[in-house]
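Below, read A as the first sequence line, B as the second, and so on, with proteins coming before strands; counting in each chain starts at 1.
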There are 2 protein chains.
Amino acid sequence: MKLIDSSTEHKILEAAKTEFLEFGLYGARMQNIANRAGINKALLHYYFRNKEKLFDKVFESALERYFSNMDIMSDNRLDFKERVHLLVDRFLDFLEEYPQMALFLIKEVSANEALFIEKVEKSQKGNITLLKALLEARDSGVISVQDPLLFFVQLISMCTYPFVAKPLFTVIASRNGTNWNSAAIKAMRTSIHNFIDHQLNPI
Amino acid sequence: MKLIDSSTEHKILEAAKTEFLEFGLYGARMQNIANRAGINKALLHYYFRNKEKLFDKVFESALERYFSNMDIMSDNRLDFKERVHLLVDRFLDFLEEYPQMALFLIKEVSANEALFIEKVEKSQKGNITLLKALLEARDSGVISVQDPLLFFVQLISMCTYPFVAKPLFTVIASRNGTNWNSAAIKAMRTSIHNFIDHQLNPI
DNA sequence: TCATGGTTTAACCAAATGGTTAACAAAAGT
DNA sequence: ACTTTTGTTAACCATTTGGTTAAACCATGA
């Protein structure tokens, strides 16, 4: 049947995701998205009134995916410190699967902070964030950490920036006879886990 | 005199720098640059044939400034570890002064890796990089570090990402009753110095 | 079978934008 | 003085691009 068949909509969203992830809101071209989806450009506007609306959908789902990694922090069956380790693993898996995601989010958040705030309220509703969990765990004496915000920022930085600046690190590494490859990223993983162990001290 | 008076060229470069840093190569508008510089748009093309050439100049000087921070690594009067500490301080000063710089460089490097490689060859000629210094120091037994490349990546990540993702951290922090402000960045500084002390062990 | 309404397209439009041209103004050279 | 070179401008041009329109297509229910 034709009515409920939203395969076109799906194709469009996939194409838009690819294009927006690569070129961002302003760099992306509606014509390219139409081409990728194998449809006419006018059809884009039929399904998603305009570029911003379409971008909105992609951005929202990207954000949701990003923050969904933090769900694990509310799993009370696990030891707190264990949760942080698992979160980092999930987060790194996520970034390895979508290497462009980090830079995409940063670019768009910087370009339109207001939209980000709005979306965060929406997609994060009910979810607990890592920072919130850290603050609560410290306040309730579950864990000892000297500065939760600083720990949070450094942890996220060590996880994310290597992917954000991958081209830069790749070039610099290769110019010095080493390689910033997946083996190096594996080493990075264990190093980050060490960092967690050193900074979070159970009481 | 008129001939040698290149104040117009300087005004253009300043205006271009501001515009490009904020909007990047594609987001920047030649008309805006002309307005900022208080001149006619055609004059831009008179001084710098086209947008890319103008961008090139700005990008090159940004890169040069970025890498010039590493000069200190070749100052043999100082203890090696001390050099790294100083380098980080200089680097953080630099990023505090030009907070948009990091994201700007990352964006443009990702968008045009080839241009970056070309520019690096040029601006880095003769300069020693941090990574190279680390590798050499380890090989010559000056210092012990378990994985120079990893140390390098994590150090740069901890220094840079907080500035790259400043809007993100600011929003998340404020939503949790804390503040990602200059005081927090000061705390970050000392934490990074601790990181260096733990990772680099003089022999 | 044919009228209906959701789906898809080709052709078109208006605005934005990088770049050009021709003319003019100001210095510098002679 | 006057000619040549350099600096500057307003008006214009070609292309790109997001968005619109009117017509065609096609599955379905009467």
Testing C:dT9, C:dT8, D:dT8 for proximity to the side chain of A:I39, the answer is C:dT9
Summarise how protein sits on nucleotides 10-19 of chain D as a single string, 5' to 3': B when a protein heavy atom is under 4.0 Å from the base, S for sugar-phosphate-only contact, - for no contact.
-> B------SBB
Ring centroid separation for B:Y98 and B:F163, is it under 6.0 angstrom?
-> no
Just do the salt bridge (Lys or Arg N to Asp or Glu O under 4.0 Å) check on B:E121 and A:R175 with the steps written out, would you?
-> CA-CA 10 Å; B:E121 313 260 328; A:R175 279 175 58 85; 3.0 Å; yes
With a 4.5 Å heavy-atom cut-off, do B:F20 and B:F55 have their side chains touching?
-> yes
Calculate the interatomic distance between B:Y46 atom OH and C:dA22 atom C1'; express it in whole Å.
-> 15 Å
On a heavy-atom basis, the closest approach of B:L130 and B:M70 is N-SD, 3.4 Å
Name the nucleic acid region contacted by B:L44, choosing base, sugar-phosphate or nothing; use a 4.0 angstrom heavy-atom cut-off, strictly under.
-> nothing
Let me know the distance between NE2 of B:H10 and C1' of D:dG7, rounded to the nearest Å.
-> 19 Å
Apply the side chain to side chain contact (heavy atoms under 4.5 Å, CB included) test between B:L103 and each candidate in B:Q100, B:M101, B:K107; give the one that qualifies.
-> B:K107
Give a yes or no on whether B:Q31 atom CD has more than 12 heavy-atom contacts from other residues, nucleotides or ligands under 6.0 Å away.
-> yes
Indicate whether OP1 or OP2 belonging to D:dT8 is found under 4.0 Å from a side-chain N or O atom of B:T8.
-> yes
For D:dT8, does either OP1 or OP2 sit under 4.0 Å from a side-chain N or O belonging to B:Y47?
-> yes
Greater than 12 external heavy atoms within 6.0 Å of A:K81's NZ = yes
Inspect the surroundings of NZ in A:K51 and state if more than 12 heavy atoms from other residues, nucleotides or ligands are less than 6.0 Å away.
-> yes
Provide, to the nearest angstrom, the distance between the CG atom belonging to A:N35 and the P atom belonging to C:dT9.
-> 12 Å
Computed from five pairs at either end and rounded to 10 degrees, the angle between the axes of the helix from C:dT1-D:dA30 to C:dT30-D:dA1 is 20°
